[in-house]
Amino acid sequence: MDRLTIINDALLETGNNPLNFEYDGSPEWQAADSAYRRSVQYLISKHRWNFATTTVDLAGLLPKSPSALEHYNKAYALPADCLHVAGVYLNGYPLTQYEIVDHRVCCAYDAGVSVKYVRTPSPDQWPPMFIELLTMKVEAHLLRGLNEDTANAERRDARVDAELAEFRSQSDQEEGRRVILRSRTAARRRGLASRAPRFPYGS
């Protein structure tokens, strides 16, 4: 579903005139464009959606690590579309000892590092329920900004959060949980064991 359709559904639901096209300079467009962008970022940031995550290998060491920790002296730039990191891996195994500084992954390894991260997916990847939640969130912003109806905006926000919690639970059940079996001996052989202490990121 495209952006204009979602925006027009929200405008109609809140008693406002729909748009014939984007960027028409109208008060409806100005309010709806802001509402749409804010709503997408809000919903994506509230959960590690399986349709919004991807895993890539990190290649090309940066000249210098921004970490203040001596043993995190290797650094990789995160992908440009990364919203937040879901996990860091070394040769396919979860890596717990790393730090994220200035949109960079800092660790002690110069190869074999990959990252699973959340990005803003294209609308054609959004499931129907996510689109419905997005539309309702846009409605809440329009009620507050365009209609100046704070009471109904707050009720719509509360409804979004309630249905969001249920949708997240269903999404997690469909994705399932991966059981990871880790061998300490195998980890040492692969160089995963480290005497470095655990720190806030990834600990």
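Keep in mind that the numbers below use all heavy atoms, side chains included, and drop hydrogens, waters and symmetry copies.
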Q: Mind checking salt bridge (charged side-chain N to carboxylate O under 4.0 Å, His left out) for D157 and listing every partner two or more places apart, or none if nothing turns up?
A: K137, R144

Q: Output all residues satisfying salt bridge (charged side-chain N to carboxylate O under 4.0 Å, His left out) with R37, sequence neighbours left out; order by chain, then residue number.
A: D33

Are [X] and [Y] linked, directly or through other ILVMFWY residues, by side chains that come within less than 4.5 angstrom of each other?
X    : Y    : value
L90  : L62  : no
V160 : L134 : yes
L133 : V118 : yes
L12  : L142 : no
F51  : Y42  : yes

Shortest non-hydrogen separation from [X] to [Y] and the atoms involved:
X   : Y    : answer
A77 : L58  : O-CD2, 3.8 Å
W49 : T53  : O-CG2, 3.0 Å
L11 : P18  : CD1-CA, 4.1 Å
Y76 : C107 : CE1-SG, 4.0 Å

Any sub-3.5 Å donor-acceptor pair from [X]'s side-chain atoms to [Y]'s backbone N or O?
X    : Y    : result
N16  : L146 : no
H103 : P79  : yes
Y89  : D57  : no

Answer yes or no: is there a side-chain heavy-atom contact under 4.5 Å between [X] and [Y]?
X    : Y    : result
S39  : H141 : yes
Y98  : V113 : no
E13  : T135 : no
Q170 : M129 : no

Got a second to check how far [X]'s [atom1] is from [Y]'s [atom2], nearest 0.5 Å?
X    : Y    : atom1 : atom2 : result
D161 : E166 : CG    : CD    : 13.5 Å
H84  : I44  : NE2   : CD1   : 8.5 Å
L78  : Y117 : CG    : OH    : 9.0 Å
I131 : M136 : CD1   : CE    : 12.5 Å
R168 : H47  : CZ    : NE2   : 7.0 Å

Q. Among pairs that include at least one residue of residues 102-113, which meet salt bridge (charged side-chain N to carboxylate O under 4.0 Å, His left out), considering only residues two or more places apart or in two chains?
A. D102-R104

Q.
Applying salt bridge (charged side-chain N to carboxylate O under 4.0 Å, His left out) as the test, list every pair that has at least one member in residues 68-84; sequence neighbours left out.
A. none

Q: Apply side chain to side chain contact (heavy atoms under 4.5 Å, CB included) to S67 and list each qualifying residue two or more places apart in sequence or on a separate chain.
A: S65, L69, Y72, E99, C106

Please list, one pair per line, the donor and acceptor atoms closer than 3.5 Å that link side chains of residues 3-10 to other protein atoms, with sequence neighbours excluded.
from: R3; atom 1: NE; to: E22; atom 2: OE2; distance (Å): 2.9
from: R3; atom 1: NH2; to: E22; atom 2: OE1; distance (Å): 3.1
from: R3; atom 1: NH2; to: Y23; atom 2: OH; distance (Å): 3.1
from: T5; atom 1: OG1; to: D2; atom 2: OD1; distance (Å): 3.2
from: T5; atom 1: OG1; to: D2; atom 2: OD2; distance (Å): 2.9
from: N8; atom 1: OD1; to: L19; atom 2: N; distance (Å): 2.6
from: N8; atom 1: ND2; to: L19; atom 2: O; distance (Å): 3.0

Q: Evaluate the ring planes of F167 and F130, with Trp represented by its six-membered ring, and classify them as parallel (under 30°), tilted (30 to 60°) or perpendicular (over 60°).
A: tilted

